[in-house]
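Remarks on the structure that follows.
Treat the numbers as computed from the prediction; the structure is a model and nothing was measured.
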Amino acid sequence: MRTTLLSVAMVMMCVTVHAVKPQKDFNLQKFAGKWYRVGFAYDSPGFIPLRDKVKISMGIITILPSGNVNLTMWEALSVGCLTKFYQYNTTSVPGQFIYFSTRHNMVKDVTVVDTNYTEYALALKYKNFNREYMQVALYGRSPRVRMHVMQKFKAFALSRGFPRASILTPPPAGEK
């Protein structure tokens, strides 16, 4: 009995580590449309050598008749533009999504934790792949967001345990 209670408590602690509440009264209709990824924090060691190559990327969120979401992302690379397609499936909790990563061959969680729909959105992506990985992303309706929004993003990333060196605000495509 004691072992069972301890196991349940440890599972609950692990779930709480990455669990965040989504935007209150999340509205997918307002959330759909064009977004720019203007900031992100990523704790993968494989990301460190690439961080100076990252530029602001653009995406369009389209709601499907099923209620799920297509996300098309465009990233500027030195060799041209890379287009990526994702299908985010809604969950029973508005603002929380899951999607299958073909790159990692696993399901990942995405939660929109804060948005005002017209200017910015903060999202947390989580996966458990040999260890826990998180990514916090700041999206803007334009490639530039106000300073207090950028500060909110950085404070949220720090509160999730990201070191300052893992928090990136990339330049627009075309800038070095």
Side-chain angles (χ1 to χ4, degrees), residues 11-44 47 54-75 83-104 106-129 132-162 166-170 172:
V11 167
M12 293 303 292
M13 284 178 16
C14 288
V15 169
T16 306
V17 167
H18 80 274
V20 294
K21 292 187 180 199
Q23 168 76 33
K24 185 178 179 181
D25 300 322
F26 180 78
N27 184 321
L28 186 54
Q29 294 291 331
K30 288 182 178 180
F31 191 70
K34 184 190 294 187
W35 290 96
Y36 295 86
R37 187 180 65 187
V38 297
F40 64 97
Y42 195 31
D43 65 352
S44 171
F47 173 68
V54 175
K55 305 292 184 202
I56 290 175
S57 57
M58 185 185 79
I60 295 181
I61 294 174
T62 307
I63 303 171
L64 300 172
S66 65
N68 292 327
V69 172
N70 271 349
L71 169 62
T72 304
M73 290 290 298
W74 293 273
E75 294 185 45
T83 304
K84 295 180 182 178
F85 302 97
Y86 304 93
Q87 181 173 329
Y88 285 16
N89 296 313
T90 55
T91 66
S92 61
V93 179
Q96 288 184 336
F97 303 89
I98 58 171
Y99 76 100
F100 183 77
S101 168
T102 54
R103 184 172 143 214
H104 295 111
M106 66 186 312
V107 174
K108 297 181 183 182
D109 304 313
V110 178
T111 303
V112 178
V113 295
D114 187 22
T115 184
N116 66 1
Y117 302 103
T118 59
E119 181 183 11
Y120 75 93
L122 276 173
L124 177 75
K125 185 188 295 185
Y126 172 83
K127 66 181 174 183
N128 193 332
F129 182 68
E132 290 184 328
Y133 290 93
M134 284 190 294
Q135 181 182 25
V136 174
L138 172 62
Y139 296 93
R141 289 291 189 181
S142 73
R144 303 212 189 278
V145 295
R146 293 184 292 163
M147 183 58 69
H148 88 288
V149 171
M150 192 62 72
Q151 290 168 339
K152 180 185 276 198
F153 154 68
K154 289 178 180 179
F156 179 71
L158 290 169
S159 78
R160 301 306 302 169
F162 288 94
S166 294
I167 302 171
L168 179 63
T169 54

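- In this structure, the separation between NZ on Lys108 and CZ on Phe100 is 10.0 Å, given to the nearest 0.5 Å.
- Partners of Gln87 according to the side-chain contact (heavy atoms from CB on, under 4.5 Å) rule, which considers only residues two or more places apart in sequence or in another chain, are Leu64, Asn68, Asn70, Asn89.
- Looking at Ile63 and Gln29, their side chains come closer than 4.5 Å, going by heavy atoms from C-beta outward.
- Taking the side chain as every heavy atom from C-beta outward, Leu124 and Met134 approach each other to under 4.5 Å.
- Between Tyr139 and Trp35 the shortest heavy-atom distance is CB-CE3, 3.6 Å.
- Here the side chains of Leu138 and Phe40 are not in contact, with every heavy-atom distance at 4.5 Å or above.
- Distance check: Ile56 CD1 to Trp74 CH2 gives 16.0 Å after rounding to the nearest 0.5 Å.
- The closest side-chain heavy-atom distance from Tyr86 to Val69 is not below 4.5 Å.
- Looking at every heavy atom in both residues, Met150 comes nearest to Val145 through CE-CG2, 3.7 Å.
- Panel note: side chain Asn27, backbone Phe31; no donor-acceptor pair is recorded below 3.5 Å.
- You'll find the side chain of His148 stays beyond 4.5 Å of the side chain of Tyr120, heavy atoms only.
- Proximity of a side-chain donor or acceptor of Gln23 to a complementary backbone N or O of Val112 within less than 3.5 Å is not detected.
- Taking all atoms of both residues into account, the shortest heavy-atom contact from Arg37 to Glu75 is NH2-OE1, 4.1 Å.
- The main-chain N or O of Val113 is never found under 3.5 Å from a side-chain atom of Thr111 such that the two would form a donor-acceptor pair.
- Taking OG from Ser166 and OH from Tyr42, the interatomic distance works out to 11.0 Å, rounded to the nearest 0.5 Å.
- Here the NZ-OG1 distance, from Lys34 to Thr72, works out to 12.5 Å after rounding to the nearest 0.5 Å.
- Closest heavy-atom contact between Ile167 and Ala157: CD1-CB, 3.7 Å.
- To the nearest 0.5 Å, atoms NZ (Lys21) and CD (Gln96) are separated by 10.5 Å.
- Taking every heavy atom of both residues into account, Pro170 and Val54 meet most closely at CB-O, 3.4 Å.
- Evaluation of the salt bridge (Lys or Arg N to Asp or Glu O under 4.0 Å) test over residues 56-71, restricted to residues two or more places apart or in two chains, returns none.
- Between the OG1 atom of Thr115 and the CZ atom of Arg141 there is a distance of 7.0 Å, given to the nearest 0.5 Å.
- Between Tyr99 and Tyr88, the ring planes are parallel. Angles under 30° get that label, and only those over 60° would be called perpendicular.
- Side-chain contact between Pro143 and Met58: absent, with no pair of heavy atoms (C-beta onward) separated by less than 4.5 Å.
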Report the C-alpha distance between Phe85 and Thr102 in whole Å, list the side-chain angles of each, state the deciding distance to 0.1 Å, and finish with yes or no for side chain to side chain contact (heavy atoms under 4.5 Å, CB included). CA-CA 11 Å; Phe85 302 97; Thr102 54; over 6 Å; no
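- For Met73 against Gly59, the heavy-atom pair with the smallest separation is SD-CA, 3.6 Å.
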